[in-house]
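Counting starts at 1 for both ligands and their atoms, following the listed order.
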Amino acid sequence: MSFDLVFFGGTGDLTWRKLMPALFQAFRHGKLPPGGRILAVARDERSDAEYRQFIRERFPEVDSAKRPSDEEFARFAELLHYRRMDLSQPEHYAGLKQWIDARGADTAVLYLATSPYLFPVVCAQLGAAGLNGPKVRVVLEKPLGHDLASAQEINRVVRAAFAEQQAFRIDHYLGKPAVQNLMALRFGNALFEPLWRRESIANIQITLAEGLGVGTRGDYYDTTGALRDMIQNHALQLLTMIAMEPPSTNDADAIRDEKLKVLRSLKPFTPESVARDVVRGQYKAGTVGGEAVCGYLDEVKVPAGSHCETFVALRTEVQNWRWAGVPFYLRTGKRLAGRHAQIVVNFREVPHPIFPGSARANKLVIKLQPEDGLELHLLAAKGSAQGELLAPVSLDLDFDKAFASERVGAYERLLMDAIAGRLNLFVRSDEQEQAWRWVEPILKAWEADPNGPRPYAAGTWGPPASSAMVARDGCTWDEEQ
Ligand code: BG6
């Protein structure tokens, strides 16, 4: 299947840091369909050769195992082209259309890796230039709005030019192998489904922790914060996949319909429940991985006295028959104890414990990062001379090891899906809007609260109030167990 893949924002960070390396990996693995052209579009004048050099020079900044040799890069570079475009000029879109039409590939994937404020103008111009025919797909990179109204406005302009089936909204967490595995675990196996409900599950914890700070992105981050940056999208997407009902097929809309139902079932926040069930924090100076680091307010491009949250922990419920009363705890933050993303499903205690210590023996840990795997925790007899001593053991599945040769990165997977037209791992507009509808009361409550976020030392698990919040339910976060 021949394709043209066009990156608007072709010289931006996302393109050279994530997208080009992902494409190169697909190329190296022989997964890139033959007959492809990759076109980068940006404002300044460059030749194809200059653009190839620009990308080549930046490749060393990515993971060393993924770096191409000169010979490999030269073969990959033959696919790369460059075109100067002023995104406000209709004739530049007409020129792009000619370039695409002249070859008539099977599909054209237009990836908006630009600043989101350009989405409306680019979509409108693409529509006006006729670059929205049935062979065209548009890929939209987050942030998709900063609240419900702005997300609706983006969707309105996208819809004016493209059908929903042509719109591929990226949430790169959906491209992570562990997330796809969650679908396989739940709907490819009969084992867990009978247990996957309130009768057997005590609580679910989703943690997306990062050791890194905001780096050089202080200006972007300060207008975003952890709730918009990680909870509204990545954490909620994980929650939907944990909580959704079995879809009737593996088709994109069957899956997305079920995810949407979960988002609609989330308990709505009120100002009172925000005060009780949401903790926001901001990192102060501390030590991460043995290295002393500064506080958020001392990061570059962060305004003095900012109240931007770099940590959020919250408690919610999915209000339906399967999940009524089961707490879902979500937590994310920068400069926490390390890079650590996982979902923990804590099962209930045995109804009548006959062994000491058998309370809360079972949990399933779905590990996303840094490793990708599954751990099932059980209580077992040690078989020691003292007789009845029990000890926790875990069944460990390391998918990185089991499927090493086939595991691909999130962007590689999502780019290949966009080229092939598979929408399963992309977010539909109604899901995205519902997620904004749910987080908005939190944003409003914070705006009205002069206190700002709670401090936490870099390198810890966030403010103590986060542990106190789960302790109210008689729970602890996984690392405290
Ligand atoms: C992005 C956020 O969506 O996800 C970043 O904007 C964050 O702030 C990143 O660092 C985390 O992604 P990953 O794949 O490294 O966990």
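Every N/O-N/O distance between Tyr221 and ligand 1 stays at or above 3.5 Å. In terms of polar-atom proximity, defined here as any N/O pair under 3.5 Å, His234 does make such a contact with ligand 1.
Looking only at protein heavy atoms, the nearest one to atom 5 (C) of ligand 1 is Arg217 NH2, 3.3 Å. Here the protein heavy atom with the shortest distance to atom 15 (O) of ligand 1 is Arg339 NH2, 3.4 Å. Among all non-hydrogen protein atoms, the one lying nearest atom 14 (O) of ligand 1 is Lys176 NZ, 2.6 Å. In terms of protein heavy-atom proximity, atom 12 (O) of ligand 1 is closest to His172 NE2, 3.1 Å. Summary of contacts: the protein heavy atom closest to atom 16 (O) of ligand 1 is Tyr173 OH, 2.5 Å. The protein non-hydrogen atom at the shortest distance from atom 11 (C) of ligand 1 is Glu210 OE1, 3.8 Å.
Interface atoms of ligand 1 facing Lys142, defined by a heavy-atom separation under 4.0 Å, are 1 (C), 2 (C), 3 (O), 6 (O). Taking a cut-off of under 4.0 Å to the non-hydrogen atoms of Lys334, the atoms of ligand 1 that pass are 5 (C), 7 (C), 8 (O), 10 (O).
Both tests do not hold together for Arg28 against Phe24: distance to the six-membered ring centre under 6.0 Å, angle to the ring axis within 45°.
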_Residue pair Arg280, Asp449: steps toward the side chain to side chain contact (heavy atoms under 4.5 Å, CB included) verdict_ = CA-CA 12 Å; Arg280 60 172 163 161; Asp449 172 11; 3.4 Å; yes
*Please test Glu164 against Arg169 for salt bridge (charged side-chain N to carboxylate O under 4.0 Å, His left out), starting from the C-alpha separation and ending with a verdict.*
CA-CA 10 Å; Glu164 181 69 42; Arg169 290 179 194 77; 2.9 Å; yes
*Report the C-alpha separation of Asp257 and Lys261 in whole Å, then their side-chain angles, then the decisive distance to 0.1 Å, and conclude whether the salt bridge (charged side-chain N to carboxylate O under 4.0 Å, His left out) test is met.*
CA-CA 6 Å; Asp257 287 347; Lys261 279 192 219 160; over 6 Å; no
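The pair Lys363-Asp478 meets the salt-bridge criterion, with a side-chain N (NZ, NE, NH1 or NH2) lying under 4.0 Å from an Asp/Glu carboxylate O.
Nearest to atom 2 (C) of ligand 1 by heavy atom, out of Leu208, Leu212, Asp171, Asp229, is Asp229.
Aromatic ring orientation, Tyr283 versus Tyr456: perpendicular (interplanar angle above 60°, classes split at 30° and 60°). In this structure, Tyr411 and His172 have parallel ring planes: the angle between them is below the 30° cut-off, well short of the 60° mark.
Side-chain contact between Glu141 and Leu14: present, with at least one pair of heavy atoms (C-beta onward) separated by less than 4.5 Å.
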